[in-house]
Amino acid sequence: MRRDGKTPILGQSRAMETLRAMLRAIASSASTALISGESGTGKELIAQALHDQSPRANGPFVPLNCGAIPRELIESELFGHRKGAFTGAVTNRVGRIELANGGTLFLDEIGDLPLDMQVKLLRVLQERRILPVGAPSEEAVDVRIVAATHKDLEEEVRAGRFREDLYYRINVMSLELPPLRKRDGDIVLLTRVFLGRDWTISEDALRAIEAYHWPGNVRQLKNAVDRAQILANNNHITIDDLPLEVADHAEPLLTHATPVQTPAGSATTAFSAPTPVPRTTGVFTGEASALSAAVSVSPRLEDLEKAHIVDILRQQNGNKARAARVLGIHRRKLYRLLERHGIHDERPAV
Ligand SMILES: Nc1ncnc2c1ncn2[C@@H]1O[C@H](COP(=O)(O)OP(=O)(O)OP(=O)(O)O)[C@@H](O)[C@H]1O
Ligand SMILES: [Mg+2]
């Protein structure tokens, strides 16, 4: 959470950088937008960001979960009603569309909107006017609609559950959120951010987290980290603190991978701790082709960081104060990194 109360959108993978660029472009346009993606990928977070970065940012952001409201209440929820319009309508009620006037209406799970409501919503999009239930005449509204769905709407259209005309109307701009497992490097990054300062995590736990496929995406990862922090001792997460389905992915690389010849001079040859298999990297293009046959895993910042620390420690004959100075970090931070990476004694091998 930032000081302004908003959750920052985390992620440095290519997929997320592309998404950010599209987000900026779409935010500045007034068109209707459709956000799709698996459960927990951040659809709501992105919808809010679309609003916050738009010229309507000072107007209201009004969410409505179309899947969570009983059918018979949706119309008056969306359009509002006049007192006496039906039994139980004891007062006037302002609908969500009107509440969002001048701002953004976020229709979450739009795939769950009943067909008759889809017709009415289409009319709003075409006419920019609403007719509250029981009202004598229409009223003009100025809302931008952002919709989200975890369903494949094209499939819903084919199956006759979603109107094709509405689909094209809302899908003017579309943003597809990639599943977490396709965001290279972000699993580790998000884990670290969710853990926060003063927490460490064992290497096998981190690897298990990285190897898991996270069907529930960011939400599931966040919950797993929260849970681990409750179970952990001494602010240190171990494999035992992870949910079983995640822990099952522990160490597949170390136990099953064939050891690979490291590039000459690479610091990874010098590890005394259980040696992570060196990953092919875009940086080592020369060696990449030779290595990639044996190891088809992408590079990890983690491994590079460890290798670099080991290198510097060696250069400084194991003197941690000097190594910290060369690395440009405080000595306490170096100690934390040593512990995190399981580096124990790094004097030069003679
Ligand atoms: N890129 C991200 N950076 C930080 N937090 C994120 C990110 N993406 C999602 N989250 C967090 O993960 C949780 C789930 O996000 P959100 O509710 O936006 O997902 P969703 O796609 O709407 O999920 P669902 O389909 O289940 O409704 C929230 O706590 C959100 O803050
Ligand atoms: Mg959601």
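Just so you know, these numbers use all the heavy atoms, side chains as well, and skip hydrogens, waters and symmetry mates. Order of appearance sets the numbers: ligands from 1, and atoms from 1 within every ligand.
A heavy-atom distance below 4.5 Å is found between the side chains of I237 and L242. For the pair I201 and R192, the minimum side-chain heavy-atom distance is below 4.5 Å.
When all heavy atoms are compared, the tightest approach of T41 to P179 is CG2-CA, 3.9 Å. When all heavy atoms are compared, the tightest approach of A321 to R331 is CA-CD, 3.7 Å. Here the closest heavy-atom approach between residue D186 and residue L180 is recorded as CB-CD1, 4.4 Å.
Given atom 19 (O) of ligand 1, the protein heavy atom at minimum distance is G42 N, 3.1 Å. What sits closest to atom 22 (O) of ligand 1 on the protein, heavy atoms only, is E44 N, 3.3 Å. The nearest protein atom to atom 23 (O) of ligand 1, hydrogens excluded, is given as G40 N, 2.9 Å; this is a heavy-atom distance. For atom 4 (C) of ligand 1, the nearest protein heavy atom (residue, atom name, distance) is P8 O, 3.5 Å.
The nearest non-hydrogen atom to atom 30 (C) of ligand 1, considering only L45, N65, I9, comes from L45. Of the listed residues (R183, H150, E109, K43), the one carrying the non-hydrogen atom nearest atom 25 (O) of ligand 1 is K43. Between atom 10 (N) of ligand 1 and the options I35, V193, V218, the minimum heavy-atom separation is to V218.
Atom 2 (C) of ligand 1 is flagged as protein-proximal [any protein heavy atom, distance under 4.0 Å].
At under 3.5 Å, a nitrogen or oxygen of L10, whether backbone or side chain, sits near a nitrogen or oxygen of ligand 1. By the 3.5 Å distance cut-off applied to N or O atoms, L190 is not counted among the residues near ligand 1. Between R219 and ligand 1, a contact under 3.5 Å exists for at least one N or O pair.
Residues H341 and E203 bring no donor and acceptor atom of their side chains to less than 3.5 Å of each other.
Once rounded to the nearest 0.5 Å, the distance linking CD1 of I97 with CZ of R128 reads 10.5 Å.
For ligand 1 and K222, the ligand atoms under 4.0 Å from any heavy atom of the residue are 29 (O), 31 (O).
Residue contacts with ligand 1, taken as heavy atom pairs separated by less than 4.0 Å, do not involve A148 at all.
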Could you give me the CA-CA distance, side-chain angles and deciding distance for L10 and V218, then say whether side-chain contact (heavy atoms from CB on, under 4.5 Å) is met?
CA-CA 10 Å; L10 301 171; V218 184; over 6 Å; no

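Between E109 and K151 there is no salt bridge, since none of the side-chain N atoms of the basic residue sits less than 4.0 Å from a carboxylate O of the acidic one.
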